[in-house]
Amino acid sequence: MAAKRAAITGNDPQTKVPSFRYTASLANQIESKWQDHWDERGTFHTPNPAGPLSDPARVAAREKLFVMDMFPYPSGAGLHVGHPLGYIATDVYARFKRMMGMNVLHTLGYDSFGLPAEQHAIVTGIHPRINTESNIANMRRQLRRLGLGHDQRRSVSTTDEDYYRWTQWIFLQIFNSWYDEQAGRARPINELIALFESGKRDTGNGPWSSLSPKERGEILNRHRLVYLSDAPVNWCPGLGTILANEEVTADGRSDIGNYPVFKRNMRQWTMRITAYADRLIEDLDRLDWPEPIKLMQRNWIGRSEGARVRFASTAGEIEVFTTRPDTLFGATFMVLSPEHPFVGRLVTDDHRAAVRDYQERARSLKDADRQDDTRDKTGEFTGAYATNPVNGNQIPIWIADYVLMGYGTGAIMAVPSGDQRDFEFARKFGLPIVATQQPPDAWFADRGIEPTLDCSAWPEAFVGEGTYVNSKNDSLILDGMTSMSTAKSSMNVWLESNDYGTSAITYKLRDWLFSRQRYWGEPFPIVYDEHEAPVAVPLELLPVRLPELDDFKPQALDPNDDVTQPIPPLARVQEWVNVELDLGEGKKRYRREVNVMPQWAGSCWYELRYLDPTNDQSFVDKEVERYWMGPKHEGHTGGVDLYVGGVEHAVLHLLYSRFWHKVLFDLGHVSSVEPFHRLFNQGYIQAYAYRDARGQTVPANEVVERNGEYWFGEEKVTREYGKMGKSLKNVVTPDEMYDEFGADTFRLYEMSTGPLEASRPWNTRDVIGMQRFLQRVWRNLVDEDTGSLRVSDDTAPVDLLRETHKAIAGVAADMQNLRFNTAIAKLIELNNALTTHVTEHGATPRVVATALVQMLAPLCPHVGEELWERLGNSDTVTYVDFPQADPALLVEDTIEIPVQVNGKLRSKVTVDAGESDDAIKQLALNDPKIVAIIGNAQPKKVIVVPKKLINIVL
RNA sequence: GCCCGAGUGGCGGAAUGGCAGACGCGACGGACUCAAAAUCCGUUGUUCGCAAGGGCGUGUGGGUUCAAGUCCCACCUCGGGCACCA
């Protein structure tokens, strides 16, 4: 490694390297000098308009900008070179905007609760807090070395007691709220109680005053935005713990130990995010987010309009949800989810064993697999029948795993002629298929069959607009209609007037399961009283701290014992669970909630705590929130001005945060309607990995390429492409890059390899290019032998000035649009022109040097500061104005216009920039090469794109 | 499987529907050097041609247009998400 480094930097003691060459070691000196300087001066301390971090004078007259990265989980492995991509990009942008005069807030915290620390604790017995804190310390060191302009005072961790105190407080805000459908917003639960007490709202169970505390609690539980419900968990008795989905293998066993895993219901906290489904869809239109992400969120929420229809059966009325009530006449059977509560009552004796067997098999499947449409359809007949309300037909009731209990009502009416899954099911089990629409002739033609209403000839279901057939009864006629929406509404009216159903809207979105049976998470600020009713722990008793544990290992049970109740880790600490508190009724015994919150909780609101991290009176000061995140104008959502992170968070994190933010807005705690106004998705950095003949990975940094083949020593190896990771032996760390090249070169390389949104491979070999560029810049400004400045006050030649101003205009535009790769290319072009000048004249004109350093500073802040100082400036370059392009220097005297014949490039003509289109056209037609091609032919058309191109069409 | 995205030289990539390959790496050649490194200058999509010049070329197959990497349709391959990894 040492030899390699010497070769790259030219620092080999055997050779004469100029003393002031920009080598890795010089870069390292410069970098630590400026990192210390920034820390000492608090260069990036960002003023607030109010509160402990306020400095009104520095806030005044500066436009604000809040830039944010998705914060990291502090992993034990530390950072690899993939992590900083987004952090560097936001830093460059933030620094650029500071130079444009804005008051920029930029920091980075840690999402430090989570599964890996707990797993580490189970294995090592070391407390997750100790492990987490040392991981954070290591990441802070790595990030400081990168030269990020963060306000360190605002760097919070979700595991800080000062932080999760407020996470618990927000939980209670949500707990103490209900969604008022009429007002379309959340309101305090006390206002609902008042409505019940006054009789203005019906409890559905008699007068409020006559209800027992338990009954009142149950009613409120049905309205609270956080409520208790029974939901399944992956219980693994062999490990004595509940497993995350990713810890369960495809065949339903534990990843660790390969023990059986059982789905068990547990009482769990659930967030009523579905109450916000419509607002979460509608407000997407007001956000500056990538369109694909909006689409993913819309699809995830999955709003669909249709109808609920009730079918009579021996077990009572079965309600189904359908998006196609217009096809009800074609419903020839019904399918229930295997978990549907009616199944036990419906099933006839001769089918009982087979049905139970099928239910058992479905239980072990994952939802994603159950929805796999390529699987062979499976199902079981219950022996029971339901009545189709439109025609009175008796239709068989089946159960099948492709119907999920969590969506709609857990039961469907099957219309095989109009739904592909139902079609396949009917074909497989020989169930009748009746057409309700006549598909257009083209549909049949595409499938190579003659038009027919006999569905036995159809290769698949027909989904689309067609003329309705076979769809009439005494009081409803759809036959002859051609519009799906007319048919749907006709059917809905009929269903409602005959009391068989109602039009309805459902969502794919499910309420958010908020409990985790873990240790390393926020404890719930909830205790249970003697009636098992949940009671909020008041603010002054927050945070509810995690109890200490001696042993993080759960108690393993018989691997096949699916009877014993799962015990979460906190339940083992009896002295913590049982507590005596005065919650307004005098001192009483209470039992603490033993679940903890999911990791999402802390990341649902951290943007707000960045604003006011030291406030102990409120989670964020209202004025501070309004300044940094408030709406900019009528109709504006407010929120973070730029939020950068990976697409992997497209749905869950971003949806959960939006939900919490909207609740806080409804309750009047924040002025912004959305947490993140503008979102940008960065790509990933991936890496090559190499395997030998036995399939073992070999260290990637020791593999060499020869003639397109890859060699590890004398052994030929194969290359693959994937994530960076320990197991692939292809991790490259920022620390290695700092040592070999310095942080500025590393930053430049990461920004230069492609557009921010694109994923790309890491290639250490290529980093040298950016170091050479910085060396050239340095050499153009500083004498490598003496260290003295090579800058002259002579006037710069106009060509070089033109290059400079072209670069200023281009670089500013590119930085504004987060296109750092092309900004860097433009700086290289300018520097290449400058190198030619310096080679000839021996020095850089001062105006060019100044502009170049200012433009470089956001990308490479250390060398930027160093050169800025050497140019004779005493203050940091951080708040110096970005250079402005002189429009007079941006116009060219002459332009070259390509001339095409029939769209093919045949010649070029050079004209004065001010030449008229007609003159250019004549010039093109008279061009000798063009004359030779068109000869005597008369052009049909000549297209002139002003100042761009001529195309002669023959 | 479902939802979303991406495919351009040897490699990373550039290109408001208007000259495909900016910029960087690598490779090749030259200058400097005893030599090498570093540095500076140049060449580098592919193919036919001595050359002038021409043909072909943005995952595959169609289409729209005077003009398509860019827009539309179908397909192939790769990446992300699928609710307890974050």
Side-chain angles (χ1 to χ4, degrees), chain A residues 6-10 12 14-18 21 70 72-73 75 111 114-116 233-234 242-248 290-293 295-296 298-300 302 366-375 406 508-513 515-518 598-600 603 646-653 655-656 681 683-684 686 705 708 721-722 749 752-755 757-763 765-770 772-773 775-776 779 784 821-822 824-829 832 835-836 839 896-900 902-905 908 940-943 945 948-954:
Chain A
I8 288 163
T9 62
D12 192 321
Q14 305 286 307
T15 64
K16 280 185 195 155
V17 173
R21 172 160 295 171
M70 289 183 187
Y73 175 78
S75 119
D111 190 12
L115 203 46
V233 297
N234 302 310
I242 285 118
L243 300 178
N245 286 343
E246 75 152 17
E247 298 175 297
V248 182
E291 219 38 64
I293 303 295
L295 195 53
M296 277 192 254
R298 285 194 194 99
N299 291 341
W300 186 263
K366 296 186 164 195
D367 278 6
D369 296 330
R370 286 175 58 165
Q371 291 175 84
D372 183 344
D373 283 347
T374 55
R375 283 188 321 140
K508 278 208 193 78
L509 180 71
R510 308 200 290 262
D511 276 342
W512 173 19
L513 205 57
S515 294
R516 298 292 182 272
Q517 298 72 34
R518 295 281 169 185
Q599 195 171 1
W600 305 111
S603 61
V647 265
E648 70 267 31
H649 296 294
V651 179
L652 296 179
H653 159 62
L655 208 57
Y656 295 153
N681 290 121
Y684 305 95
Q686 292 171 306
E705 184 185 350
Y721 185 52
Y749 171 70
S752 72
T753 49
E757 66 272 23
S759 292
R760 69 215 64 182
W762 177 266
N763 226 335
R765 197 176 70 168
D766 291 352
V767 181
I768 188 74
M770 292 302 117
R772 280 185 199 145
F773 163 59
Q775 275 177 348
R776 285 178 196 143
R779 190 182 305 120
E784 286 192 324
N821 55 329
T822 51
I824 291 167
K826 282 163 185 147
L827 286 172
I828 293 172
E829 280 179 289
N832 288 348
T835 301
T836 306
T839 306
E896 197 181 45
I897 306 264
V899 184
Q900 297 180 335
N902 287 336
K904 288 199 176 217
L905 179 70
K908 289 175 184 182
K940 273 194 218 141
K941 203 170 12 169
V942 178
I943 286 148
V945 183
K948 271 283 165 66
L949 170 136
I950 306 274
N951 188 11
I952 298 160
V953 185
L954 292 181

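Letters go in sequence order (proteins before strands), and every chain restarts at 1. Since the structure is predicted, the reported quantities are computational estimates derived from the model, not experimental observations.
A sub-4.0 Å separation between OP1 or OP2 of rG24(B) and a side-chain N or O of N832(A) is present. Note on R776(A): a side-chain N or O is less than 4.0 Å away from OP1 or OP2 of rC40(B). Put simply, R772(A) has a side-chain N or O that comes within less than 4.0 Å of OP1 or OP2 on rG26(B). Using a 4.0 Å cut-off, no side-chain N or O of R760(A) falls inside it from OP1 or OP2 of rA6(B).
The nearest whole Å value for the distance from the CZ atom in F773(A) to the P atom in rU39(B) is 15 Å. Taking atom CG of residue N681(A) and atom P of nucleotide rC3(B), one finds them 20 Å apart after rounding to whole Å. For the pair K826(A) NZ and rA14(B) C1', the computed distance is 10 Å after rounding to whole Å. Following rounding to the nearest Å, I768(A) (CD1) and rA27(B) (C1') show an atom-to-atom distance of 16 Å. Between the CG atom of N821(A) and the P atom of rG12(B) there is a distance of 14 Å, rounded to whole Å. Distance M770(A) CE to rG13(B) P: 13 Å, rounded to the nearest Å. As a whole-Å value, the separation of L905(A) CG from rG18(B) P is 15 Å. Counting to the nearest Å, the P atom of rG12(B) and the CG atom of N763(A) are 9 Å from each other.
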Q: In sequence, state the C-alpha distance, the side-chain angles, and the governing distance for N951(A) and V942(A), and then conclude on side chain to side chain contact (heavy atoms under 4.5 Å, CB included).
A: CA-CA 6 Å; N951(A) 188 11; V942(A) 178; over 6 Å; no
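Remark: rG57(B) base-pairs with no nucleotide in the shown strands. Criterion, Watson-Crick or G-U wobble with two distances under 3.5 Å. Pairing for rG29(B) goes to rC41(B), judged as Watson-Crick or G-U wobble with the two contacts each under 3.5 Å. A 3.5 Å limit on both hydrogen-bonding distances identifies no Watson-Crick or G-U partner for rG17(B).
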Q: Going 5' to 3' through nucleotides 63-80 of chain B, assign each nucleotide B (protein heavy atom under 4.0 Å from a base atom), S (under 4.0 Å only from sugar-phosphate atoms) or - (no protein heavy atom that close).
A: ---BS------------S
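As judged by a 4.0 angstrom heavy-atom cut-off over every strand, P292(A) is placed among residues touching the sugar-phosphate backbone only. Within 4.0 Å (heavy atoms only), T839(A) reaches no atom of the nucleic acid at all. In this structure, I824(A) reaches neither bases nor backbone, as no heavy-atom distance under 4.0 Å exists between it and the strands shown. Residue contacts for L513(A): at a heavy-atom cut-off of 4.0 Å it reaches a base atom on one of the strands shown. Contact annotation for P116(A): no contact, since no heavy-atom pair falls under 4.0 Å across all strands. Heavy atoms of P72(A) sit nowhere under 4.0 angstrom from any nucleic acid atom. Across all strands shown, L655(A) has no heavy atoms under 4.0 Å from either base or sugar-phosphate atoms. Residue contacts for R510(A): at a heavy-atom cut-off of 4.0 Å it reaches a base atom on one of the strands shown. Contact annotation for R518(A): no contact, since no heavy-atom pair falls under 4.0 Å across all strands. Counting non-hydrogen atoms under 4.0 angstrom, V248(A) reaches nothing in the nucleic acid. At the heavy-atom level, V945(A) lies under 4.0 Å from base atoms of the strands shown. Contact annotation for S515(A): base contact, defined as any heavy-atom pair under 4.0 Å involving a base atom. At the heavy-atom level, L295(A) lies under 4.0 Å from the strands shown only through sugar-phosphate atoms. E247(A) comes within 4.0 angstrom of nothing in the nucleic acid, heavy atoms only.
Taking atom C1' in both rC48(B) and rC4(B), the straight-line distance is 45 Å, to the nearest Å. With C1' as the reference atom, rC25(B) and rG21(B) are 15 Å apart, rounded to whole Å. Going from the P atom of rC3(B) to that of rC73(B) covers 15 Å, rounded to whole Å. Rounded to whole Å, the separation between the P atoms of rC11(B) and rA74(B) comes to 30 Å. Nucleotides rG17(B) and rC32(B) place their C1' atoms 49 Å apart, quoted to the nearest Å. Spacing of C1' atoms, rU44(B) relative to rG10(B), comes out at 11 Å, to the nearest Å. Distance noted for atom C1' between rA51(B) and rU60(B): 37 Å (whole Å). The same atom, P, is picked in rG24(B) and in rC85(B); the two are 45 Å apart, to the nearest Å.
Distance CD1/I242(A) to CD/E247(A): 11.0 Å, rounded to 0.5 Å. Between S752(A) atom OG and M770(A) atom CE the span is 4.0 Å, to the nearest 0.5 Å. Interatomic distance, K908(A) NZ to I897(A) CD1, rounded to the nearest 0.5 Å: 11.5 Å. Separation of atoms CD (E648(A)) and CG (N681(A)) is listed at 8.5 Å; rounding is to 0.5 Å. Annotation: the span from M70(A) atom CE to H653(A) atom NE2 amounts to 5.0 Å, rounded to 0.5 Å. Distance check: R760(A) CZ to N763(A) CG gives 13.0 Å after rounding to the nearest 0.5 Å.
In terms of heavy atoms, N832(A) sits closest to R776(A) at OD1-NH1, 4.4 Å. Of all non-hydrogen atoms in Q686(A) and S759(A), the two that sit nearest each other are OE1-CB, 4.2 Å.
Aromatic ring orientation, Y656(A) versus W512(A): parallel (interplanar angle below 30°, classes split at 30° and 60°).
Judged as a ring pair (Phe, Tyr, Trp, His ring centres under 6.0 Å), and not counting sequence neighbours, the contacts of Y749(A) are W762(A).
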Where do N or O atoms of nucleotides 56-58 of chain B meet protein N or O atoms at under 3.5 Å, pair by pair?
unit_1	atom_1	unit_2	atom_2	d
rC56(B)	OP2	K904(A)	NZ	3.0

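In textbook terms, a nucleotide whose glycosidic angle is within 90° of 0 is syn, while rG30(B), being further out, is anti.
Counting only distance, with no hydrogens or angles, the side chain of R21(A) and the backbone of R779(A) share no donor-acceptor pair below 3.5 Å.
Looking at N902(A) and I952(A), their side chains never come closer than 4.5 Å, going by heavy atoms from C-beta outward.
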